[in-house]
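Here is the structure we will look at.
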Amino acid sequence: MVQLNMSTVYDYLVVGGGTVGCVIASRLSHAGHRVALFETGPVNYSTEIMSSSGAPLLHGTPAEYNYKSTPQAALDNREVPNYGGKLLSGSSGVNYGLWTRGHSSDYEAWAKHVGDERWNYGNLLKYFMKTENYQGSNVSSKVHGFDGPISVIHGTKKYPLRTEILNALQQSGLKVNPDGNSGDPFGISEFTENWKNNQRQPSGLAYDLSKTDVFTNTTVARIDINIHTKTATGVTLQNGQSIKACKEVILSCGGIRTPQVLMLSGIGPKEHLHSLGISSIADLPVGKNLHDHVSGSLFWKLRNPEKGLAVGSPLFNKSEYFTGTAVDWISTITIPNDLISAAAAADGTSLHKLYGPGPRAHIEFLTVYAPIAGGGTEYRLPFDGTHISTPTLLLLPTSRGQVTLASTNATDDPIIDPEYLSTEVDRALLREGIRATIRAMETPEGQSVVEGESPPPGFPQLTSASTDEEIDSRLALMGSSFYQNAGTAAMGTVVDTKCKVKGIKRLRVSDASILPLPIASHYQAAMYAIAEATAAMILEEEDPSA
């Protein structure tokens, strides 16, 4: 890392050395621009960070922001844990490595919502492909890349229950999808991850930063803005130093920290800023529109655990089993309109208004060969080889929360209120998703694998015929975040379709905070594509003939 010199003037300042920030800094610096990248956390490529199976062990450590939400009414008033990477490479340095694009309809809805086709799936496809180094010969070169910086793998582990779980999913009515990352994820697909030689690929290593001035352990306190011209001129660090930008400041701190930096800089809801003594420069709905993927896990007791079928058994010991997460298949489904239309009406809307035409990828569920549960629940089972689990995710939530400032100190965590499951539609969708998950385990093949669901003490065993109240009660105990926070500097309301902050010159945002609507994915693949698209857009503005 270089020594910070206040007299140095950069073309671009990139605030936030996470997944997106590293990509943009790399692309701009390799195009010949003088770029500085600021990251609050350290450089950390230790064994613990680089391990492909180590993500669960990083929660609660200094490698992550260890957030807690406000008490969530639908989740038994629990303060739900949430996490993000606090090191160079951001969440790509601590995440679980899932690689899912979502449905093409998600991007079409985004483009329609903001009135700019540059964000539809067809136009983003080249950036998805640019990112990928797809391993395997059974995917199309028309939709995948094979020489990008990110190694993408699937189907390499083949766990003991692979065939039985596939059969159970098929017996429940799902069809095999040979490529769930083709823009159509519906059905049963190979679980796809981004590891290389059983190692993590942090963005700061995958993308060359050798031509970027990288400043780690450096917190940006605010963006400096000329209040007369409404122009971003640089940044002020937490230690009081100021750094100038000749061309732009690019903010890329993620769905939680990006709105915090904007508000600390005078960009956000005027009344909220004034309550903390911050002068308002641009009255924009920063921090609003927070959406996150909420999930619920069920545990299933194995019939023959002595065969070494799950994590914790001494016979579950092949080295490839411990690359990434112990999963073979990922299932993505739509929930039929007749099961959720009444919920939409109760919310004062319609499914067409919420989701537009065509089936949408509402729900995803996994079969994990270990009893995993999200953070914040007290119900845990030991990893002793006797249980597997089925996390079920709500991919397209209609609930919206907010991020607000707790103080004017950039090192303090902001206040996070996701308002999980606050709409009837979200509750109806996740209930039906849980039922679909259970139906797979209730099939003849599923029953050959498990004895049944293992409920927490005092709770009834769940079946596909369980009541709404029974499922809601379980979700209140088990519901958790999948740490995919987005929407808090939304395109269309906070930034324009070129990611430029409205009303402020030379200030751009690129990260999950710009997503105006949820995407039915785990966001990592989408963030790489968005980063590549943003960098290309900036360079094109520099040289329109390029």
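The shown structure was predicted, so the numbers you read here are calculated from the model rather than taken from an experiment. All values below were derived from every heavy atom in this structure, side-chain atoms included, with hydrogens, water molecules and symmetry-related copies excluded. Start at 1 with the first residue, then count along the sequence.
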Does atom [atom1] of [X] have more than 12 heavy-atom neighbours from other groups under 6.0 Å away?
X: K270; atom1: NZ; answer: no
X: K196; atom1: NZ; answer: no
X: K126; atom1: NZ; answer: no
X: K288; atom1: NZ; answer: no

Report task. Fit a plane to each ring of Y107 and Y121, take the angle between them on a 0 to 90° scale, and name the class: parallel (under 30°), tilted (30 to 60°) or perpendicular (over 60°). Result -> tilted
Query raised in the report: How are the rings of H293 and Y523 set relative to one another: parallel (under 30°), tilted (30 to 60°) or perpendicular (over 60°)?
Result: tilted
Query raised in the report: Between D179 and H144, is a side-chain hydrogen bond (donor to acceptor under 3.5 Å, both in side chains) present by the stated rule, with each step listed?
Result: CA-CA 10 Å; D179 184 4; H144 289 294; 2.7 Å; yes
Taking C-beta and beyond as the side chain, do [X] and [Y] meet within less than 4.5 Å on heavy atoms?
X: W329; Y: L174; answer: no
X: L125; Y: R101; answer: yes
X: Y528; Y: S203; answer: yes
X: R257; Y: T488; answer: no
X: L395; Y: D106; answer: no
X: S510; Y: I24; answer: yes
X: L421; Y: L394; answer: yes
X: L405; Y: H272; answer: yes

Does one side chain, of [X] or [Y], offer a donor that lies under 3.5 Å from an acceptor on the other?
X: S350; Y: H352; value: no
X: T437; Y: T392; value: yes
X: S513; Y: D511; value: yes
X: S172; Y: Q170; value: no
X: N181; Y: H154; value: no
X: E432; Y: H362; value: no
X: Y65; Y: N82; value: no

With a 4.0 Å cut-off, would you call [X] and [Y] a salt bridge?
X: R431; Y: D472; answer: yes
X: D208; Y: R27; answer: no
X: D496; Y: K498; answer: no
X: R162; Y: E190; answer: yes

Query raised in the report: Where do Y159 and F191 land on the side chain to side chain contact (heavy atoms under 4.5 Å, CB included) test, with the steps shown first?
Result: CA-CA 12 Å; Y159 293 101; F191 189 69; over 6 Å; no
**Report entry** Y83 and its ring-ring contact (aromatic ring centres under 6.0 Å, His included) partner, picked from F482, Y483, Y67
**Finding:** Y483
Does [X] reach the main-chain N or O of [Y] with its side chain, forming a donor-acceptor pair under 3.5 Å?
X: D426; Y: T423; value: no
X: T258; Y: C253; value: yes
X: E193; Y: T325; value: yes

Query raised in the report: Going through the checks in order, is the salt bridge (Lys or Arg N to Asp or Glu O under 4.0 Å) test met by R400 and D417?
Result: CA-CA 9 Å; R400 295 293 185 268; D417 181 9; over 6 Å; no
Report task. Could you list the residues that satisfy salt bridge (charged side-chain N to carboxylate O under 4.0 Å, His left out) with E248, not counting sequence neighbours? Result -> R508
Report summary line: Residue pairs passing the ring-ring contact (aromatic ring centres under 6.0 Å, His included) test with at least one member in residues 485-521, sequence neighbours excluded, are none
**Report entry** Worked verdict on V509 versus C499 for side chain to side chain contact (heavy atoms under 4.5 Å, CB included)
**Finding:** CA-CA 5 Å; V509 175; C499 303; 5.5 Å; no
Report task. With side-chain hydrogen bond (donor to acceptor under 3.5 Å, both in side chains) as the test, would you mind laying out the steps for Q72 and T70 before giving the verdict? Result -> CA-CA 6 Å; Q72 297 297 291; T70 59; 3.2 Å; yes
